[in-house]
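Only one structure is covered here, and it is reproduced in the block below.
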Protein chains: 2
Amino acid sequence: MSTDQKTSYLDVKNVIRRRIHDTVWEPGSLMPGEVELSQEFGCARATVNRALRELAQDGMIERKRKAGTRIKSAPTRHAKFVIPRIREEIERMGFDYRYALIERKEKTIPDWLCARIGGKAGEDVLHLRCMHYAGSRAFQYEDRWINLVSAPKARAQTFQDINPNEWLIREVPFSDGEVILSTVNADQIMSEMLNVSLGAALFTLERITWLKDMPMTFAKLYFHAGYQMTTRL
Amino acid sequence: MSTDQKTSYLDVKNVIRRRIHDTVWEPGSLMPGEVELSQEFGCARATVNRALRELAQDGMIERKRKAGTRIKSAPTRHAKFVIPRIREEIERMGFDYRYALIERKEKTIPDWLCARIGGKAGEDVLHLRCMHYAGSRAFQYEDRWINLVSAPKARAQTFQDINPNEWLIREVPFSDGEVILSTVNADQIMSEMLNVSLGAALFTLERITWLKDMPMTFAKLYFHAGYQMTTRL
DNA sequence: ATATTTATTATGTCTATACATATTAAGGGA
DNA sequence: TCCCTTAATATGTATAGACATAATAAATAT
């Protein structure tokens with residue numbers, strides 16, 4: 001049996017996506033179940049299951065065992081951004097990657113960081129400030145805190161010759177993370193580090209990682225002026 | 001047979017993810033195929049297939065028919081951001097959504113836009129500038145262009161009472177899109193519209209949509225001061 | 001009438017088998 | 001030796017059937 005006779009999961013997915021878009025089913029309402037749809041499309045329930053699973057992943061419907069499949073009232077569009085390693089991003093642009101450690105200090109966790117990442121008072125953390133260059137051009141300023149309780153191996157690392165992210169990726173897995181994209185006006189430090197005028201708008205990426213509910217790292221990255229984060233929908 | 005005896009696709013996925021992280025297989029190299037892995041894990045090839053498909057989607061491996069499955073040299077982490085409708089985002093924060101059309105003009109496509117979105121010289125476009133409020137507080141300034149060749153129904157729409165995005169979602173599907181996140185220093189117009197000081201750092205979201213290779217809309221959104229776009233990893 | 005227990009059900013997933021197909025390797029001819 | 005054709009192969013996907021399970025509805029007990 002050739003493809004043009006069999007209904008593929010992509011066919012099912014596209015037809016259902018179209019019906020949702022045309023509000024064939026009211027937002028918020030239940031739509032037909034897998035068995036009914038497999039009869040309609042003349043295909044296996046597993047084929048319908050795959051189509052619906054992907055639509056759920058795309059944010060258009062929500063599914064519950066026994067409860068059925070419901071059209072989302074406010075279907076959401078997702079944009080997936082690649083978060084490349086800084087070295088790859090710079091090299092892909094055709095520049096040499098260069099790294100410089102500005103400061104390395106072991107401290108007791110400050111209260112603001114405790115509150116921010118849900119750490120425990122009194123814990124030791126490693127504070128690193130470093131710069132990443134594209135050739136001779138300042139690309140990114142990094143302000144990072146590593147929890148020495150969840151990542152004790154970091155204590156023995158100078159981070160003189162390896163950037164923290166590359167070390168962490170190799171040495172310490174994480175289970176959860178949070179990313180916050182935003183912007184700030186450059187202050188004196190950022191102005192000097194990134195070679196921009198005071199007050200220049202800087203794109204920022206804040207990131208917390210956890211390992212099994214234990215906060216592990218907190219990093220705030222400040223990108224060079226004019227930085228753009230791009231993705232296809 | 002109970003779950004603790006059967007190998008699930010999630011078990012397979014996690015074990016393989018761990019092996020990739022521990023560089024059991026060298027980055028860039030071929031890893032064992034589905035048949036071999038199904039024998040190792042004592043499960044169906046379809047179970048391994050699903051695990052590997054998801055790892056490919058997560059950016060850790062790449063797969064080709066006949067060529068096999070290869071560990072990515074530079075595995076990439078993805079952050080998936082929800083792009084909510086502005087009304088939903090504002091209402092979810094507990095505010096009333098308010099919309100105001102600032103300007104509506106039909107024009108011939110400017111050269112810079114032609115170049116930016118790959119349009120054709122001489123085509124008609126609709127230029128809209130509008131504001132979105134959270135209660136009485138300025139939330140977002142929107143500068144949008146709609147191609148009247150690919151979205152002719154927009155010509156008949158005043159956009160006095162409906163925000164362009166809500167209208168477009170309902171009336172015009174799109175097939176492709178591009179999103180660019182960045183930042184700018186507020187100029188005179190943005191300063192007035194968003195009620196921020198001149199030069200304040202503003203988070204921006206630029207978005208182009210296409211319908212079958214035909215550029216349809218171009219929008220640039222300027223968010224209020226302090227805006228943050230958040231996601232979980 | 002309410003709470004608890006039991007039954008039902010719609011989705012989640014596993015399996016074996018089969019067919020499809022993009023890609024690579026091997027074989028044959030010029 | 002090079003080019004074209006054919007074969008092989010590893011992944012992509014469809015199917016039928018089975019089992020698992022979260023969630024809801026119905027039945028039963030108090």
Side-chain angles (χ1 to χ4, degrees), chain A residues 1-17 19-20 24-73 75, chain B residues 1-17 19-20 24-73 75:
Chain A
M1 202 180 285
S2 66
T3 306
D4 49 30
Q5 279 186 321
K6 254 178 196 169
T7 301
S8 74
Y9 84 92
L10 285 172
D11 294 331
V12 175
K13 186 180 173 182
N14 288 333
V15 170
I16 294 176
R17 186 199 300 277
R19 287 181 188 175
I20 293 170
V24 168
W25 302 300
E26 282 303 301
S29 69
L30 276 175
M31 57 176 278
E34 289 182 1
V35 172
E36 188 175 337
L37 290 169
S38 69
Q39 282 161 352
E40 182 199 327
F41 289 102
C43 63
R45 187 176 76 85
T47 304
V48 173
N49 176 269
R50 182 166 173 181
L52 296 183
R53 246 192 308 113
E54 291 196 5
L55 288 170
Q57 195 177 34
D58 291 348
M60 301 189 77
I61 56 177
E62 56 200 348
R63 295 174 35 90
K64 268 179 175 179
R65 300 184 205 206
K66 177 56 168 90
T69 307
R70 198 172 292 271
I71 314 300
K72 276 194 168 182
S73 304
Chain B
M1 202 179 286
S2 67
T3 307
D4 50 29
Q5 278 185 322
K6 254 177 195 171
T7 302
S8 73
Y9 85 92
L10 284 172
D11 294 331
V12 175
K13 186 178 173 182
N14 289 332
V15 170
I16 293 177
R17 184 198 301 279
R19 287 181 187 174
I20 292 169
V24 168
W25 302 301
E26 284 300 303
S29 68
L30 276 174
M31 57 176 280
E34 292 181 359
V35 172
E36 189 175 336
L37 289 170
S38 70
Q39 282 160 352
E40 181 199 327
F41 288 103
C43 63
R45 187 177 76 85
T47 303
V48 172
N49 177 268
R50 181 167 173 181
L52 296 183
R53 247 192 306 112
E54 291 195 5
L55 287 169
Q57 195 177 34
D58 291 348
M60 302 189 77
I61 56 176
E62 56 199 348
R63 297 181 25 96
K64 269 180 176 177
R65 301 185 206 205
K66 177 52 167 92
T69 307
R70 197 173 292 270
I71 314 299
K72 276 195 169 181
S73 305

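The sequence lines fix the lettering, A, B, ..., with proteins before strands; numbering per chain opens at 1. On a predicted model such as this, the values are computed, not experimentally measured, just so you know.
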>> Assess, by modelled atom type and distance only, whether the side chains of B:R53 and B:N49 contain a donor and an acceptor separated by less than 3.5 Å.
In response: yes
> Which residues satisfy the salt bridge (Lys or Arg N to Asp or Glu O under 4.0 Å) test with B:E40, sequence neighbours excluded?
Replying inline: B:R19
Rounded to whole Å, please give me the gap between [atom1] in [X] and [atom2] in [N].
X: B:K6; N: C:dG12; atom1: NZ; atom2: P; answer: 17 Å
X: A:L37; N: D:dT15; atom1: CG; atom2: P; answer: 14 Å
X: A:I61; N: C:dT11; atom1: CD1; atom2: C1'; answer: 11 Å
X: B:R70; N: C:dA22; atom1: CZ; atom2: P; answer: 20 Å
X: A:Q39; N: D:dA16; atom1: CD; atom2: C1'; answer: 14 Å

> Which residue, B:I71, B:I16, B:L55, forms the side-chain contact (heavy atoms from CB on, under 4.5 Å) with B:M60?
Replying inline: B:L55
> For B:Q39, which residues count as a side-chain hydrogen bond (donor to acceptor under 3.5 Å, both in side chains) partner, sequence neighbours excluded?
Replying inline: none
>> For nucleotides 4-12 of chain D, give me one character per nucleotide, 5' to 3': B if any protein heavy atom sits under 4.0 Å from the base, S if the only such contacts are to the sugar-phosphate, - if neither.
In response: ----BBBBB
>> For B:P32, give me all partners under side chain to side chain contact (heavy atoms under 4.5 Å, CB included), at least two apart in sequence or on another chain.
In response: B:W25, B:E36, B:L37
> Taking OP1 and OP2 of C:dT15, is either one under 4.0 Å from a side-chain nitrogen or oxygen of B:T47?
Replying inline: yes
>> For residues 60-73 of chain A, which residue pairs pass the salt bridge (charged side-chain N to carboxylate O under 4.0 Å, His left out) check, not counting sequence neighbours?
In response: A:E34-A:R63
